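The block underneath contains the structure these notes are about, expressed in structure tokens.
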Amino acid sequence: MNRSTRPPLPPGVLRAVVRPRSADVPHAVISAEVWHTEWARPLLERLELRTVIADERLSCERVLDTLAAQSVAFVCEELPVSGLAAMTWAARRTEALRRDDPLLGVVFMVEDPRALDPRALGPLVRTLSPGDTDLPDFLAEVQRVRHEFHWELRNRRPVTPPAREAVAPLARWTGTVPNFNVKHPSMLLPYALLSARTRREVYCEISPQEALLFVADSVGRGGPAAAVAGVFSTLRQDVDRLNTALGSRLRLHLDHADDHEVIQAACEAGFDSVMVDGSGRTLHQNVLFTNAATELARRYGVLVEGEIGSIDGAGLRKWNKTTLSDFTRFVEDTDLDLVGAHVGQFHSFDYGFAATRRSLAEVGLMDDRATGDDLHAFAEACARVEKDLTDSGLPGYSAEHRLVAALARRATTEATREATREAKTEATAEATAEGAGPDAGPRLDAVFREARARVPVFQRPLLDALEREWLERRLAKVRRKTELWDEVFATEPAREHRYAAIDHGLVRTLTGVLRGTGRALVVHGGSSISRVDLASLPAHGVARVNFGSGVYADYLEALRAHLPVDLTPGPDAPTGDGTWKHVRRMSYLAEATRDWRSWTDAPPSFVDTFVSRLERCYFAPLRGRTPAEAPGGRS
């Protein structure tokens, strides 16, 4: 309730300050030296965190050991040294503090902002100096990254449900309908044409993973969830337009969603149904997650599907069919409209949206520190060369040690002055970027160039060794990002040349459990099921069969017959095979179907060919009606 609308309190009763729940407010571990610094304490108090003061009797590490994981937002300590020693000291302290939490924010207090450029520090590490105003932004960044990395943090059960009345969804199981994956928006047109031609409902589905990797234009600072929400809104508009223009009954379904915020985005966009997928977790966790998401979806009048028994394409769970006891308990403990189960089928696409969010967050952290000359990589290179010099027996006062320290000081302090000037005015920033400003600080290549012109010849190899170490560390970051992209696109869908062995006895048993409850069974992995097995599912009372990779392969095949192109990755592909295959396919689809929204009145010939294949291979086997003794559905 807004403070201005609260009823007045009785005389003499003081109003309590409304604050967030204590459990939801993170900790900040502050060293005593920082806390008692006159200018630093007000900046830290302004964050309104639960503050724990560490001193010589209770070090920051011991405080972190006593607090729950991920409950500490950041640690703030004093930086007692400067120059190259400061970079080495900060790296060592960061590693020690992050022993149990690699995403812990670390702040080092410095009296002089020129002492160390924060860009020389690692991800989620910064300095705090007098006059700083962006500490709240740093705290928000730490929380945002943790939000992307930790599924549990972003999927806590809401304290209060959304402010709207629950709406009962309309659900009538009058037959087995197909549910086709949307790997590209242009696939909506043939699905709508199929619905208009057969005069039946046709569902089309998209998972958060597919929305992000196949449809989303970009992932800005809003993150993957915001990008996916934008895709949902656009798809809803396209489906409504096609239904109006063609008289089709195309329905929109969210597939394999394991994030509350993604499920809510689909509900707000107007999806007809959502799949709440907690199947990758224990049965108890699955029930808790499913019930919380169902409560959310009910307030939008959206059909809800859950899944018990994970249908993945690799690992031990591939062979673990849904057991009757787990299925029965899951049905009894949840309030679902549709239930998916593992009855022997398999997927050929990775729906791991949570893993993709972590990968993208890691890429973002490296990008934040790899801009420009990548001072962070240079600081690491300096520290490594310093160690090599020490290990080789050179004393700390040697000319070689002094040279490396001078280069580090020159690069970081000049970069700090340059960054300060850039922040003053846009004109000064442009002049600095072009190197034309009168006070423009040097880039690292200029630092090396100046040093080569001044140092004795016998020290030139040391400069080259430092530069090599710097460049190798930058290259290592790029290689790591390439590995992450290959992991994201490693399971690019492809046509399966084998079929699953459907356990028809299990299907009959599971539909028997649902009989009389108004719920129905959904079978995923339709592309892995033979035509004979598909034809038997309507008689078992299955409500939907989901088709994914096979339909996508058919669409590409039909399109390539219309506009031939070789999509096979060559031996000289600039990225990994999976990534390059995805890049090639998406580039081809974007170019070949860029005006697909104008095809409604006169679709290209390949669209009609594809619709005919959909009807013949996927729709025709499911034309049987559900048996008379099956329930009519929920209302």
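What you are looking at is a predicted structure, and each value in this text was computed from that prediction instead of being measured. Counting from 1, the numbers follow the sequence of the chain as shown.
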Checking [X] side chain against [Y] main chain: does a donor-acceptor pair fall under 3.5 Å?
{"X": "Thr176", "Y": "Ala543", "result": "no"}
{"X": "His256", "Y": "Gly352", "result": "no"}
{"X": "Thr322", "Y": "His342", "result": "yes"}
{"X": "Arg249", "Y": "Arg199", "result": "yes"}
{"X": "Asp503", "Y": "Gly505", "result": "yes"}

4.5 Å side-chain heavy-atom contact, [X] and [Y]:
{"X": "Leu622", "Y": "Val177", "value": "no"}
{"X": "Ile502", "Y": "Val507", "value": "yes"}
{"X": "Leu336", "Y": "Glu305", "value": "no"}
{"X": "Ser207", "Y": "Leu254", "value": "no"}

Residues in side chain to side chain donor-acceptor pair (under 3.5 Å) contact with [X], at least two apart in sequence or another chain:
{"X": "Gln70", "result": "none"}
{"X": "Tyr191", "result": "none"}
{"X": "Asp367", "result": "Lys481"}
{"X": "Asp272", "result": "Arg236"}

Kindly write out the residues that satisfy salt bridge (Lys or Arg N to Asp or Glu O under 4.0 Å) with Asp101, not counting sequence neighbours, or none if the list is empty.
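Applying salt bridge (Lys or Arg N to Asp or Glu O under 4.0 Å) to Asp101 gives Arg146.
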Under the salt bridge (Lys or Arg N to Asp or Glu O under 4.0 Å) rule, collect the residues that match up with Arg508, sequence neighbours excluded.
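Testing Arg508 for salt bridge (Lys or Arg N to Asp or Glu O under 4.0 Å), a comparison that skips the adjacent residues, returns none.
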Lys/Arg cation over aromatic Tyr203: Arg544, 6.0 Å, 45° cone:
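Yes, cation above the ring, under 6.0 Å and within 45°.
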Set of side-chain contact (heavy atoms from CB on, under 4.5 Å) partners for [X], sequence neighbours left out:
{"X": "Ala354", "answer": "Trp151, Arg154, Asp258, Arg358"}
{"X": "Gln285", "answer": "Arg281, Thr282"}
{"X": "Glu483", "answer": "Arg480"}
{"X": "Asp595", "answer": "Ser598, Trp599"}

Test of ring centre spacing under 6.0 Å for His184 and Tyr552:
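No - the distance between ring centres of His184 and Tyr552 does not fall below the 6.0 Å cut-off.
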Sequence-distant partners of Phe330, ring-ring contact (aromatic ring centres under 6.0 Å, His included), two or more places apart
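Once residues adjacent in sequence are excluded, Phe330 has no partner under the ring-ring contact (aromatic ring centres under 6.0 Å, His included) criterion.
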Under the rule for ring-ring contact (aromatic ring centres under 6.0 Å, His included), what residues qualify as partners of Phe547, not counting sequence neighbours?
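So Phe547 forms a ring-ring contact (aromatic ring centres under 6.0 Å, His included) with Phe180, Tyr618.
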To check you understand the geometry: which heavy-atom pair defines the closest contact between His253 and Val274, and what is its length?
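Closest heavy-atom pair between His253 and Val274: CE1-C, 3.7 Å.
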Considering all heavy atoms of both residues, which atom of Cys617 and which atom of Leu534 are nearest to each other, and what is their separation?
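Heavy-atom minimum between the residues: O-CD1, 4.3 Å.
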